[in-house]
Every structure is written in structure tokens, then in C-alpha cells.
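Below: the structure, in C-alpha cells.
Along the sequence shown, the residues carry numbers beginning at 1.
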Amino acid sequence: MFFKKNKPVIRDRNKHCISRANIDPDAVKVLYRLSNSNYISYMVGGSVRDLLLGRCPKDFDISTDAQPAQIRKLFRNCFLIGRRFRLAHIVFGRKVIETSTFRAQPEPTEGDSALYQSEDNTFGTPEQDAKRRDFTVNGLFYDIKTFAVIDYVDGLKDLENKVIRSIGDPNVRFREDPVRMMRAVRFAAKLNFTIDKGCCKALKKHHADILNASVPRVCEEVYRLFTVNASEKAFRLMWEFKLLEDLLPEINEYINRSGKNTSPLWRYLAALDRMPENGSFSNGVRTAVLFYPLFLEQCNRESEATPHGRVNRTHVARKVLNHLVSSLHIPKAIFYATVSAMDLIPRFDPMPTQARARRFVRNSNFEDAFIFKQIVAAAEGDTFETLAQWKELCNAVEPGEIIDQHHDEGDRAPRRRRRHPGRGRQKQRQA
Ligand code: ATP
Ligand code: MG
């Protein structure tokens, strides 16, 4: 292990703000059942960090010295996942409380390639478990037995100073797992924290290592950057640390062309951040916002190049998204949802006939397109005069009336048009 053994800072119940009332009741149940069976039982990671900051955690993770099979014995609703390092998922309806056994950072072996972390983790002590985590503010424990916060990594100090600092040398930790660089950016944006000097230097030095990370993880992390209310800040940091240059070079060049401070992209992302419930928008809407300024630029370029000045929006949208598909392997469902959101924008204004408008609202692509249209209108300072009419029409539609035009969550290409569209509708009417 490359860390010295040391005593943790213990912050007693009366000196911090975490109360059991703010912890998910099912997580409390799991914590107590482990503890009552004489295992160490800690709430860990993002949930402790968020509760200490007075924020509402997204999920509640638990760590314990009970081994996976022992956890399994205690909970009938427990499923063990993962091959090398087994994690317990304790399931309550649709909710999962992830419970892991304390583990240690794998020993780095000789050679440069050994830096990249294998999944071959071994069980460890609470201290080792704290120190294998990414940032000090993510390495805190809450002990259900004493209600104290246990800090092996100086996370409490960094939480108070609003700093994202790597646990251990960031030059090593970022190369072990380059996705941590994107996580640093995400947490700085989400929590409005600064990234400490050491991490900034390491980010600048190792940003290109992100291309060595697993593509699905990177893709997932790109969408996690659309963190609640802070995607503009997250993408500004991605640009600043050149991670955007590595992952989305076309967006990076667009920002360089349009001015790093004044790029219209920042307006679109800021408009998304101001929308209520932006945390639950689909990845299709998010991708559409990210690529829309580039799409507009390309539409203008193509319309200038044709004598009639008309452009095929679908064609342009596909072209603009091409690199994203090949580099980040975004699922086809996201690709089609993005193309459709960009394509449908002109259908809102002017208001079509009542029959056409009703048909549009019943289209399953409508919801994303409507959210996207509102973001675009806000970014462009457009009053979107027909907004109230569209909202009224939406409220009048029953869920059963939605016609599925989605290309599914799976990987299917869009369905072909029926050869006799009228017949299907007649049958539906008869039914
Ligand atoms: P969020 O609120 O966005 O979910 P989080 O801190 O809970 O933030 P998760 O991705 O859910 O983040 O991970 C849970 C915890 O697991 C983190 O707080 C951190 O301690 C640890 N962790 C996650 N990813 C890594 C990583 N790549 N390297 C080291 N530790 C990690
Ligand atoms: Mg989490």
C-alpha cells in the first residue's frame, strides 16, 4: 500500500449535520441489520458528502466488513453482482442499496502499463477502503453505531474549503483510472468547488489518457456531466482541461472558432441548466443541446452553398453527429432521438392546424422535441408565443394516445413506414 497507516479524524454527532431522518429509510434498515449482526456498517461516498453539504443525495451506498456471502445471508432481497469483486445489491422495489465489502487499492506492480487499474481488488480495512476512493470529499464514512463521521483522508477540511483534491498523487490516480479526470470536473461543477492545484496540473498533463479509458464508461460520464443545473460549468471545465479536445474535437473546435468566452454553446447549456427538472431530461435532449450550435452553423453553411437556400435538416443532423457515434459509440436510440429533436424544431412555430398539432403532440418524439424547443427559445431570447397553446394540447392528451415513433431503447433502426398507413389507423379506430 502506498499510504501510511494513520488515525482517522472522528467528528461526533453533535459536530455535524447528518441525521438519520435524512437518510433513505431502506438504507437505514440495511445499516442497522449489518450493525446488529456485529459487522462494521458505514454509509459512504457521495451520500455522506452530499448530506454534510445539506444536499439531497442521489443514492445511498454502504460499506461493511461483512463479506458478500455474509451479506447475502442477511438479506433475502440481495443479489451479488460482479465477477472479480462481488458487490451486493439489496433491492427494495425499484431502489437498489449498493453494499460493498471494504476493499484495498490493488498493489501497483512493475511497469507503466500496470498503472491502469485491474478489477482484481482485494478485501481491505476501512482505512484502505477510504484511501482507494477518488477524491477526499468522497472518502468519508458515517458510522451508524456512533453517528460519527470518520475521516481518514482529510475530506472534512476539503469539504469546508470547497476543494476537490485527489486521494494520493493525482498523477498516479488519474493514470490508473483516467475517468477520474472527468469525475473531478463533474464534482467541481456540481458542487461549485475549485479543483486543487495538484489535480489541475495532473489534468493538464494527463488529459489525453482519457482516450485509454473504456468507451462505455466515458460515454456514461459524458452524460453525467449534465449534472443538475451545472452543465455549462462542467463543459467549460472540460474545454479548459482539454478533455473536450480529446473526446469531442468537433465541439472543441466550434468553441475555439466562436470564442472561448462568448461561444453560443454556453448560452444553450445555460438555458438547459435553468429549465426546471433538467436533471431528468433524456440523453437525446442533452445531445441535441450540445450539438445544436454546430448544427446551426452547418445548416447555414449548406444553405449558402445551394441555389435555393434550403437544407435537409435530418441530413445535416446526422452529419454533425457522425463522429459522436463512431468515437463514443452512443446508443442508436440516443442518436435517433437527437436527430428527431433537431429536425422537429420548425414544427412548433407557426402553430399548425389543430389536426396537425394534435397529431404532433401524440407523436412519442414530441416530448423531447418540446423540451428542446423550449431550451432553444430561452437560449435565443425568443418569446415562443405558441408555448401556452402547446402546453394546453399536451395536457389534453392521454398517455394511451401516444403513438410510438421512438426507435426503442434498444439498438433498432427506425421502423419503416407502413406501405398503407391509412389501413392501420382505420383498424385502430375500429378497435
Ligand atoms: P453522485 O452523487 O454523482 O452519484 P458519487 O460520489 O456518489 O456521486 P458514484 O459514481 O456514485 O459517485 O460513486 C460512489 C463512490 O465510489 C464515490 O463517492 C467514490 O468514493 C467511489 N468511486 C466511484 N468511482 C470511483 C473511481 N473511479 N475511483 C475511485 N473511487 C471511485
Ligand atoms: Mg452515487
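- Rounding to the nearest 0.5 angstrom, the gap separating the OG1 atom in T287 from the CE atom in M342 is 8.5 Å.
- The OG1 atom of T64 sits 9.5 Å away from the CG atom of L31 when rounded to the nearest 0.5 Å.
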Set out, in order, the CA-CA distance, both residues' side-chain angles and the distance that settles salt bridge (Lys or Arg N to Asp or Glu O under 4.0 Å) for E127 and R103, then state yes or no. CA-CA 9 Å; E127 178 176 358; R103 71 179 107 151; over 6 Å; no
Could you walk me through whether R33 and N36 satisfy the side-chain hydrogen bond (donor to acceptor under 3.5 Å, both in side chains) test, starting with their C-alpha distance in whole Å, then the side-chain angles of each, then the deciding distance to 0.1 Å, before giving a yes or no? CA-CA 5 Å; R33 192 167 306 170; N36 292 339; over 6 Å; no
Test log, rule salt bridge (Lys or Arg N to Asp or Glu O under 4.0 Å), inputs K15 and D12: CA-CA 5 Å; K15 297 213 173 69; D12 289 332; 5.2 Å; no
Determine, stepwise, if the pair K242 / D246 fulfils salt bridge (Lys or Arg N to Asp or Glu O under 4.0 Å). CA-CA 7 Å; K242 299 195 186 311; D246 302 317; over 6 Å; no
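- Ring-plane geometry between W390 and F366 is classed as tilted, the angle between the planes lying from 30 to 60 degrees on a 0 to 90 degree scale.
- Summarising the geometry, atom CE belonging to M43 is positioned 10.5 Å from atom CD1 belonging to I97; distances are rounded to the nearest 0.5 Å.
- In this structure, K373 is positioned above the aromatic face of F384, its NZ or CZ under 6.0 Å from the six-membered ring centre and within 45° of the axis.
- The shortest distance between side-chain heavy atoms of M275 and I371 falls below 4.5 Å.
- Under the 4.5 Å side-chain criterion, counting only non-hydrogen atoms from C-beta, S327 is not in contact with L247.
- Using a 4.5 Å heavy-atom cutoff, the side chains of W266 and I255 are in contact.
- Checked for salt-bridge contact, R217 and D177 meet the test: a charged N lies under 4.0 Å from a carboxylate O.
- In E385, the CD atom is not crowded: 12 or fewer heavy atoms of neighbouring residues, nucleotides or ligands sit closer than 6.0 Å.
- Ring orientation note: the planes of F147 and Y142 are close to parallel, at an angle under 30° on the 30°/60° scale.
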Between K95 and D26, is a salt bridge (Lys or Arg N to Asp or Glu O under 4.0 Å) present by the stated rule, with each step listed? CA-CA 9 Å; K95 190 194 311 164; D26 292 321; 2.5 Å; yes
Test side chain to side chain contact (heavy atoms under 4.5 Å, CB included) on R313 and I345; report intermediate values, then the result. CA-CA 10 Å; R313 291 173 69 92; I345 283 268; 3.7 Å; yes
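- The side-chain heavy atoms of R173 and D134, taken from C-beta on, include no pair separated by under 4.5 Å.
- If you check the side chains of S41 and S35, you find no donor sitting under 3.5 Å from an acceptor.
- For the residue pair D343 and T314, a side-chain donor N or O sits within less than 3.5 Å of a side-chain acceptor on the partner.
- Looking at R186, R183, R180 one by one, the single match for side chain to side chain donor-acceptor pair (under 3.5 Å) with E221 turns out to be R186.
- Around the CD atom of Q70, the shell of radius 6.0 Å holds more than 12 heavy atoms that belong to other residues, nucleotides or ligands.
- When the shell of 6.0 Å around CD of E160 is examined, it contains more than 12 heavy atoms from other residues, nucleotides or ligands.
- For the atom pair CD1 of I150 and CG of L140, the computed distance is 10.0 Å after rounding to the nearest 0.5 Å.
- Taking the side chain as every heavy atom from C-beta outward, V96 and I90 never approach each other to under 4.5 Å.
- Side-chain contact between L53 and F193 is present, with at least one heavy-atom pair separated by less than 4.5 Å.
- Among all heavy-atom pairs drawn from P293 and Y268, the shortest one is CG-CD1, 3.7 Å.
- Expressed to the nearest 0.5 Å, how far CD of Q298 lies from OG of S303 amounts to 10.5 Å.
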Quick one: do N229 and N278 satisfy side-chain hydrogen bond (donor to acceptor under 3.5 Å, both in side chains)? Show the steps, please. CA-CA 7 Å; N229 304 339; N278 60 66; 2.8 Å; yes
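- Side-chain contact check for F372 versus F281: every heavy-atom pair is 4.5 Å or farther apart.
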Give the intermediate values and the outcome of side-chain hydrogen bond (donor to acceptor under 3.5 Å, both in side chains) for residues R20 and Y32. CA-CA 11 Å; R20 274 167 300 166; Y32 270 123; 2.9 Å; yes
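- Salt-bridge check for K319 with E302: passed, with a basic side-chain N closer than 4.0 Å to an acidic carboxylate O.
- In this structure, OG on S231 lies 12.5 Å from CE on M238, to the nearest 0.5 angstrom.
- Counting heavy atoms from C-beta on, the side chains of F335 and S340 never come closer than 4.5 Å.
- Taking 4.0 Å as the cut-off between side-chain N and carboxylate O, R236 and E240 do not count as a salt-bridged pair.
- For R347 and F360, the positive end sits near the middle of the six-membered ring, less than 6.0 Å away and at most 45° from its axis.
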With side chain to side chain contact (heavy atoms under 4.5 Å, CB included) as the test, would you mind laying out the steps for T338 and L324 before giving the verdict? CA-CA 12 Å; T338 309; L324 184 69; over 6 Å; no
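- A donor-acceptor contact closer than 3.5 angstrom is absent between the side chains of R133 and N138.
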